[in-house]
Amino acid sequence: MTVGHDYERDGFVRLEGFVEPAACDALIERAGELVAAFRPDTVSIFSTRDQARTSDDYFLASGDQIRCFFEEDAFAPDGSLRGPVERSINKIGHALHDLDPVFSRFSRDPRLAGLTAAVGIARPLLLQSMYIFKQPWIGGEVTAHQDHTFLWTDPPTVTGLWFALEDATVDNGCLWARPGSHTEPPRRRFHRAPGGGTAFEVLDPRPLPLEGMIPLEAPKGTCIVLHGLLPHRSGANRSARSRQAYSLHVIDAAASYPADSWLQRGAGLPLRGFEPDDATG
Ligand SMILES: O=C(O)CCC(=O)C(=O)O
């Protein structure tokens, strides 16, 4: 199958027209409702530059919740928001796919099970979901990383399903990656630290290579399947158009999931696969 072949060669596959425009719009509308209902009494800024700030309780307890995270540049020095809340959110995470019916339905489209099977995941578990806004002017950069760093399994199995809900271009901060670079060994592992908070274990001190990365521009409705070891990044959005995307990360239940992984689930919300909601009661 060509998905499996391209994925093995490049570490990613770009599938244009995978999602109908109406299905993209339904997610955009639902994300808008979630943000409108958000009461920002707990502020957490999602920043890939300053990981210390992301290790607060709000972030660490979000593995089985739906939580909003602000852009790094959302606040003025006096702590006030520079713009309206709905234009200041970086992302919503991390259990949309289990807790919200609209996102659950989207995430459990049988075609997604077909995609993950095609790239070798035998017993899929839907580990993490993120709705990423990349709002006009303020949308932050996502620095180069391997998803395996954050969603570690032994052996590595995490696979990203990234959906362009709007056209993603160089101007509004599309993804970038170098074809074939999923052969790079893992550089770091992000985990819960014994004394609280989080830490990176450095496995290979070399920085991830940025040379040769190409823009993965993606028209609305594109699905990009990303290998967990593929270094990828996305630029800041300094344009007038948002670049909204939905990202779902799947692991294989056949691999082990370390007890000190940052993303934890409470007993009330065990990880599930692609079975639809009504099949599990
Ligand atoms: O959407 C982005 O800008 C980054 C997403 C990403 O890195 C991911 O889904 O793994």
Side-chain angles (χ1 to χ4, degrees), residues 7 11-15 18-19 24 27-28 31 46-49 51 54 62 69-73 89-97 103 106-107 112 115-116 119 126-153 156-178 181-182 184 186-188 190 208 210 213-239 241-251 262-263:
Y7 180 82
F12 65 88
V13 186
R14 195 168 14 178
L15 303 164
F18 189 85
V19 183
C24 296
L27 289 201
I28 292 173
F46 177 73
S47 158
T48 50
R49 272 206 214 91
Q51 291 293 347
T54 66
S62 67
F69 297 86
F70 282 98
E71 285 288 352
E72 189 171 287
D73 294 336
I89 304 296
N90 171 288
K91 70 171 184 176
I92 312 175
H94 289 98
L96 286 159
H97 61 289
F103 281 93
F106 183 96
S107 306
L112 304 192
L115 281 182
T116 54
V119 300
L126 279 53
L127 177 61
Q128 172 186 271
S129 46
M130 296 187 292
Y131 188 98
I132 303 155
F133 289 93
K134 283 264 193 214
Q135 292 288 7
W137 314 118
I138 192 172
E141 172 189 14
V142 174
T143 55
H145 65 281
Q146 296 167 302
D147 290 337
H148 181 56
T149 288
F150 298 97
L151 303 172
W152 189 277
T153 62
T157 59
V158 69
T159 303
L161 301 173
W162 185 96
F163 300 92
L165 305 177
E166 300 179 302
D167 293 345
T169 65
V170 169
D171 278 353
N172 67 359
C174 68
L175 296 177
W176 292 67
R178 176 165 63 81
S181 59
H182 57 305
E184 289 288 338
R187 298 298 201 268
R188 301 189 295 172
F190 184 68
L208 288 170
L210 301 178
M213 282 190 170
I214 57 167
L216 309 186
E217 291 197 314
K220 174 173 181 163
T222 302
C223 171
I224 303 181
V225 187
L226 294 157
H227 190 286
L229 287 170
L230 183 83
H232 58 287
R233 57 173 290 270
S234 68
N237 183 7
R238 299 293 175 253
S239 83
R241 284 186 309 115
S242 59
R243 191 234 64 184
Q244 301 190 50
Y246 178 57
S247 175
L248 179 67
H249 285 97
V250 181
I251 57 170
W262 86 261
L263 195 160

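Ligands are counted one by one from 1 in listed order, and the atoms in each one are counted from 1 as well. Because the structure is predicted, anything quoted here is derived from the model rather than measured.
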Visitor: With atoms numbered from 1 as shown, which atoms in ligand 1 lie under 4.0 angstrom from a non-hydrogen atom of Ile132?
Guide: 1 (O), 2 (C), 5 (C)
Visitor: What residue pairs, at least two apart or across chains, pass salt bridge (charged side-chain N to carboxylate O under 4.0 Å, His left out) with a residue in residues 214-228?
Guide: Asp25-Lys220
Visitor: Of Leu126, Thr159, Thr116, Val158, which meets side-chain contact (heavy atoms from CB on, under 4.5 Å) against Ile251?
Guide: Val158
Visitor: Specify side chain, backbone, both or neither for Arg243, according to which of its non-hydrogen atoms lie closer than 4.0 Å to ligand 1.
Guide: side chain
Visitor: Under a 4.0 angstrom heavy-atom cut-off, which atoms of ligand 1 come close to Ser234?
Guide: 2 (C), 3 (O)
Visitor: Under a 4.0 angstrom heavy-atom cut-off, which atoms of ligand 1 come close to Ser247?
Guide: 8 (C), 9 (O)
Visitor: Checking a contact table here: which protein heavy atom is nearest atom 6 (C) of ligand 1, and how many Å away?
Guide: His232 NE2, 3.7 Å
Visitor: Only heavy atoms of His145, strictly under 4.0 Å: list the atoms of ligand 1 that pass.
Guide: 7 (O), 10 (O)
Visitor: Grab the two heavy atoms, one from Ile224 and one from Arg14, that are nearest each other, plus how far apart they are.
Guide: CG1-CG, 3.9 Å
Visitor: At less than 4.0 angstrom from any non-hydrogen atom of His249, what atoms of ligand 1 do you find?
Guide: 8 (C), 9 (O), 10 (O)
Visitor: For residues Tyr7 and Gly228, report the shortest heavy-atom separation together with the two atoms involved.
Guide: OH-N, 4.4 Å
Visitor: Do Cys24 and Gln244 come close enough that some side-chain heavy atom pair is under 4.5 Å?
Guide: no
Visitor: Using heavy atoms and a threshold below 4.0 Å, how should the contact between Ala245 and ligand 1 be classified: side chain, backbone, both, or neither?
Guide: neither
Visitor: Which atom names give the shortest non-hydrogen contact between Asn237 and Ser242, and what distance separates them?
Guide: ND2-CA, 3.8 Å
Visitor: Could a heavy atom of Arg233 be found less than 4.0 Å from some atom of ligand 1?
Guide: no
Visitor: What atoms of ligand 1 come closer than 4.0 angstrom to any heavy atom of Asp147?
Guide: 10 (O)
Visitor: Keeping the roles fixed (side chain from Lys134, backbone from Cys174), state whether a donor-acceptor pair exists under 3.5 Å.
Guide: no
Visitor: Does the separation of the ring centres of Tyr246 and His97 fall below 6.0 angstrom?
Guide: no
Visitor: I need the atoms of ligand 1 closer than 4.0 Å to a non-hydrogen atom of Leu175, numbered in the order shown.
Guide: 2 (C), 4 (C)
